[in-house]
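Below: the structure, in structure tokens.
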2 protein chains.
Amino acid sequence: MQPTFLKPVKVIVADDHKLFADGVEQIINSTPGFEVLASVDNGKLLMQVLNRLSPDIILLDINMPFLDGLETAALIKKNKPGIKIIFISMHYDASIKTFIQKNGINGFVHKNISAKELKDALYKVVAGENVFISNYPAQQTEINAPQPGTEFISQHKLTKTEVAIIKLIAGGDSTKAIADKRSLSYLTVESHRKNILRKLKAKNMAEVIAFAVKYGLV
Amino acid sequence: MQPTFLKPVKVIVADDHKLFADGVEQIINSTPGFEVLASVDNGKLLMQVLNRLSPDIILLDINMPFLDGLETAALIKKNKPGIKIIFISMHYDASIKTFIQKNGINGFVHKNISAKELKDALYKVVAGENVFISNYPAQQTEINAPQPGTEFISQHKLTKTEVAIIKLIAGGDSTKAIADKRSLSYLTVESHRKNILRKLKAKNMAEVIAFAVKYGLV
DNA sequence: TAATATATACCTGTAAACAGGTATGCCTTA
DNA sequence: TAAGGCATACCTGTTTACAGGTATATATTA
């Protein structure tokens, strides 16, 4: 752990509920050795802020408009792997668990924890530990969550790659952007697009996205 | 308003999200003239605490386990009408509005407001005013309907035509198809598309549709 | 009434999506 | 082991979307 008297640990809070973010900010600022650099209310803004600021830790809400927490976290871990990320959310399920493991997220704290527990979590993450805090023990064990979107996927026999591409398209990515992100040929991504349209019998991707979001895939 | 240097205004915070309650507590304690007596996480506990403590204001979450905010508020207003109550919630609808009017609730603040706005609300309620603060302007005016999508529309200042076109695009219609259906010029529909993309700061329509469906517009 | 928002429409490009193929190596599983 | 699904990649077109403008009549509102 860094000597807190030398260098305060810099934190950014990302949560679309301003009052919550402001409250957390106050709690962190009152924690010795920690200071909040900024608090933002959506993922896009967070990415912009990260061009200017270099936090040590990001407290990241999972449900946010304009780039949700998971996508944002993946981007950050890819581009700035040194920054530690703690998810903060009302809900926890198997998909989040998997995401945390795969992407090296440093912690998950439930929004129902106390200020003291949040501080403990921050100290632990700074010390290099991974933390998981929730006061709903049920939600920790309850792994078999009703994964949203599975129905949609199985109904149309979509493959993993196709699902991934649908999600990226829903985020506004073009075929070229997707090819770059996933290190695929432009032509490969186009093939996937065509297969998706064929399987869903859709006229274009706008229609696909509408269905996918309705069925909880995105 | 009470002279704050003589008697601090006593507040109780009731919210089942501890971290949120703790954050609000810190915000209030850092507000001159205010102090938090207690913070509780359910309605039953709040009623017990009120046997011992006499707050001036209660910040009351509507969605709480063990006696929700509305029931709790009704009980308090019946037994201790002198205590002012400000609802604090993520959601606002016609039923809450009716309840506020019938039961003389002193304010409603949305959880997405800033710390400063919360402080303003507290000052106003102490001064005898009723407050309503939300950063979703649609929800203030839109009284008789939890119309899904209105939030999305007002937030991005979309016009009727633009909304209609978004819906058609989500259904898979091309610009030409839309122009035919609505007896508009192809070029007009393209203009609307451009305006939509500009307003939502989206890269393409797929992204727009994803947002629109998420917010219940489609 | 002056300014602003809305709906309409046009013009000129470039970029991207879509259509309809073919093909191949790699798994999985019947 | 043979068949099928999957992910990968390529080719050739056509169509559509997007970008960046301008413009004008009609409301609406400050």
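Chain A is the first sequence line, chain B the second, and so forth, proteins listed ahead of strands; every chain is numbered from 1.
- A:Asp61 and A:Lys111 are joined by a salt bridge, as a carboxylate oxygen and a charged side-chain nitrogen come within less than 4.0 angstrom of each other.
- Rounded to an integer number of Å, the gap from CD1 of A:Ile169 to P of C:dA16 is 14 Å.
- If you find the closest nucleotide of DNA chain C to B:Asn204 and to B:Lys160, the one lying nearer the 5' end belongs to B:Lys160.
- Taken residue by residue, residues 177-186 of chain B places no heavy atom nearer than 4.0 Å to DNA chain D.
- Under a 3.5 Å cut-off, the side chain of B:Lys119 and the backbone N or O of B:Thr31 do not form any donor-acceptor pair.
- The distance from atom NZ of A:Lys201 to atom P of C:dA19 is 15 Å, rounded to the nearest whole Å.
- Here the side chain of A:Thr161 is nearest to one of D:dA7, D:dT16, C:dT6, namely D:dA7.
- At distances below 3.5 Å, not a single donor-acceptor pair connects side-chain atoms of B:Lys181 with backbone N or O atoms of B:Leu168.
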Walk me through it: do A:Asn106 and A:Lys124 pass the test side-chain hydrogen bond (donor to acceptor under 3.5 Å, both in side chains)?
CA-CA 10 Å; A:Asn106 307 89; A:Lys124 281 187 182 171; over 6 Å; no
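- We find that CD of A:Glu162 is positioned 11 Å from P of D:dT8, with the value rounded to whole Å.
- Under the 4.0 Å criterion applied to side-chain N and carboxylate O atoms, A:Lys44 and B:Glu207 are assigned as salt-bridge partners.
- Shown are B:Val109, B:Ile57, B:Val9; of these, the side chain to side chain contact (heavy atoms under 4.5 Å, CB included) with B:Leu122 is made only by B:Ile57.
- What separates CG of A:Leu187 from P of D:dC10 is a distance of 5 Å, to the nearest Å.
- Residue A:Lys157 contributes atom NZ, which lies 14 Å from atom P of D:dG4 at whole-angstrom precision.
- Residues of residues 188-197 of chain A that place a heavy atom closer than 4.0 Å to DNA chain C, in numerical order, are A:Glu190, A:Arg193, A:Lys194, A:Leu197.
- Scanning all heavy atoms of the two residues, the minimum distance from A:Ala212 to A:Ile166 falls at CB-CG2, 4.0 Å.
- Considering all non-hydrogen atoms of both residues, A:Ala21 and A:Ser39 come closest at CB-OG, 4.2 Å.
- Of the side-chain N and O atoms in B:Thr159, none sit less than 4.0 angstrom from OP1 or OP2 of C:dT6.
- For the atom pair B:Ile209 CD1 and A:Ile209 CD1, the distance stands at 9.0 Å (nearest 0.5 Å).
- Regarding B:Arg198, its CZ atom lies at a distance of 12 Å from the P atom of D:dG20, rounded to whole Å.
- Protein atom CD1 of A:Ile165 is 11 Å distant from nucleotide atom P of D:dA9, rounded to whole Å.
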Please list, pair by pair, any protein nitrogen or oxygen found under 3.5 Å from a nitrogen or oxygen in nucleotides 23-28 of chain C.
none

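- The separation between A:Leu200 atom CG and C:dA19 atom P is 12 Å, rounded to whole Å.
- Expressed to the nearest 0.5 Å, how far CD of B:Glu162 lies from NZ of B:Lys199 amounts to 3.5 Å.
- The aromatic rings of B:Tyr123 and B:Phe34 lie perpendicular to each other, with more than 60° between the two planes, well past the 30° mark.
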